[in-house]
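This report refers to the structure that appears directly beneath it.
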Amino acid sequence: MPVTTQQLIQWKQQKRSIVALTAWDYAIAQILDAAGVDLILVGDSMAVVLGYETTLPITLSEMIYHAKAVRRGIKRGFMVVDLPFLTYQESIQQAMHSAGRVLKETGAQAVKLEGGYPAMIETIARLVQAGIPVMGHIGLTPQSVHQLGLRQQGKTQEDSERILSEAIALEQAGVFAIVLEHITADLAMQITQKLSIPTIGIGAGVHCDGQVLVTSDILGLSEKQPPFAKVYTNLRETINKAVQEYAVEVREKKFPQ
Ligand SMILES: Nc1nc(=O)c2c([nH]1)NC[C@@H]1CN(c3ccc(C(=O)N[C@@H](CCC(=O)O)C(=O)O)cc3)CN21
Ligand SMILES: CC(C)C(=O)C(=O)O
Ligand SMILES: [Mg+2]
């Protein structure tokens, strides 16, 4: 049975951790889905797969192109697509148009957008009223890299209080879940306890209701990873070995047989 927003909320109540990863094409999506990943995110971090330094250059059309391929690989997982930089901040109308395109053209079940109170609250409420499930994303928001940098957020009392109140405002606006990125484990625990909707952490400690990482990071495909990522295998090395072996066999006329 496909995962739903209700299922995600139930898993929080049952304290069953939610497993989330990112995907950018059919093959990766199919492998993650068959492995039982609960939530599959077409993240704008796909920028790394396309060779960009930040997530800012990714366009809505690029996200939709990749999301359509991901959709074809998923049978069970809940599929979320990131709205990229400046495709939702301009106006409620712009956000509605972008989120509508994502749901209509890709078959995703939800969109994710960065930011909290006050900037995004009205926009989120309107999307939810229109029937579009929205996932929040606060703490380190990479689309604001030129303001925030990439450091851990919520380290001062003032900052952590602000992030906690953003989380509460997002829940009230109707998000079904929130990504907490690169904040202290203590703050993530407080938010997780306070909210009825699931928190999905990335670099936010073990007390979140679920965890997400960028799949190219855990596979060792990215050139570099954030300090909070764990590299479970080194695909760069694996691919390099296979390609070297192939090259030798071609040059020595050992392949084809
Ligand atoms: N491959 C990849 N994985 C990610 O998780 C990811 C992306 N790309 N791109 C978008 C954002 C950026 N992310 C990052 C990237 C680097 C740090 C990092 O190195 N943080 C350092 C401080 C660096 C600094 O201050 O410049 C740290 O110690 O917190 C954190 C988050 C997380 N997201
Ligand atoms: C890592 C997650 C939360 C993300 O926003 C992305 O991959 O773009
Ligand atoms: Mg993102």
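Numbering of ligands and ligand atoms starts at 1, following listing order. In what follows, residues are counted from 1 in the order of the sequence shown. Quick caveat: nothing in here was measured; it's all calculated off a predicted structure.
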### Task
Any atoms of ligand 2 less than 4.0 Å from a non-hydrogen atom of G43? List them with their elements.
6 (C), 7 (O), 8 (O)

#### Entry: Pair E166 + R162: basic N to acidic O under 4.0 Å
yes

### Query
Which residue owns the protein heavy atom closest to atom 7 (O) of ligand 2, what's the atom, and how far is it?
S45 OG, 2.6 Å

### Query
Going by the atom numbers of ligand 2, which of them fall below 4.0 Å from some non-hydrogen atom of T22?
7 (O)

### Query
Shared ILVMFWY cluster between L41 and L50, side chains joined below 4.5 angstrom?
yes

### Message
Under a plain distance cut-off of 3.5 Å, with no hydrogens placed, do E161 and Q157 share a side-chain donor-acceptor pair?
### Response
yes

### Message
Working note: V102 + M63, criterion side chain to side chain contact (heavy atoms under 4.5 Å, CB included); need CA distance, chi angles, decisive distance, verdict.
### Response
CA-CA 8 Å; V102 167; M63 293 299 295; 5.9 Å; no

#### Entry: Contact residues of ligand 1 (heavy atom under 4.0 Å), by chain and number
V48, T55, L140, P142, L150, R151, E181, H182, I202, V214, D217, S222, P226, P227, F228

### Summary
ligand 2 to H137, heavy atom cutoff 4.0 Å, flagged ligand atoms 3 (C), 5 (O)

### Query
For atom 4 (C) of ligand 2, what is the nearest protein heavy atom, given as residue, atom name and distance?
L41 CD2, 3.6 Å

### Query
Hey, does Q94 have a side-chain heavy atom less than 4.5 Å from the side chain of H97?
no

### Message
Heavy atoms only, cut-off 4.0 Å: how does I200 contact ligand 2, side chain, backbone, both, or neither?
### Response
neither

### Task
Flag the pair Y88 / V111 as yes when at least one side-chain heavy-atom distance between them is below 4.5 Å, and no otherwise.
no

### Query
Is a side-chain donor or acceptor of T22 paired with a backbone partner of T215 at a separation under 3.5 angstrom?
yes

### Query
Counting only heavy atoms, which portion of T55 has something under 4.0 Å from ligand 2: side chain, backbone, both, or neither?
neither

### Task
Please determine if the Mg ion (ligand 3) has an N/O/S atom from E114 lying under 2.8 Å away.
no

### Task
Find all atoms of ligand 2 within a distance of less than 4.0 Å from any non-hydrogen atom belonging to V179, and give their numbers and elements.
3 (C)

### Query
Can you get from I168 to I197 by hopping between Ile, Leu, Val, Met, Phe, Trp and Tyr side chains that sit under 4.5 Å apart?
yes

### Task
Using atom types as modelled and distance alone, determine if a side-chain donor or acceptor of K12 lies under 3.5 Å from a backbone N or O of L195.
yes

### Query
What is the closest protein heavy atom to atom 5 (O) of ligand 2, and at what distance does it sit?
K112 NZ, 2.8 Å

### Query
If two hydrophobic side chains count as joined below 4.5 Å and joins carry through other members, does L56 share a cluster with L86?
yes

#### Entry: Atoms in ligand 2 with a heavy atom of D82 nearer than 4.0 Å
4 (C), 5 (O), 6 (C), 8 (O)

### Query
Does some non-hydrogen atom of M46 fall short of 4.0 Å from ligand 2?
no

### Task
Check each atom of ligand 2 against the heavy atoms of I202 and keep those under 4.0 Å away; list them by number with element.
1 (C)

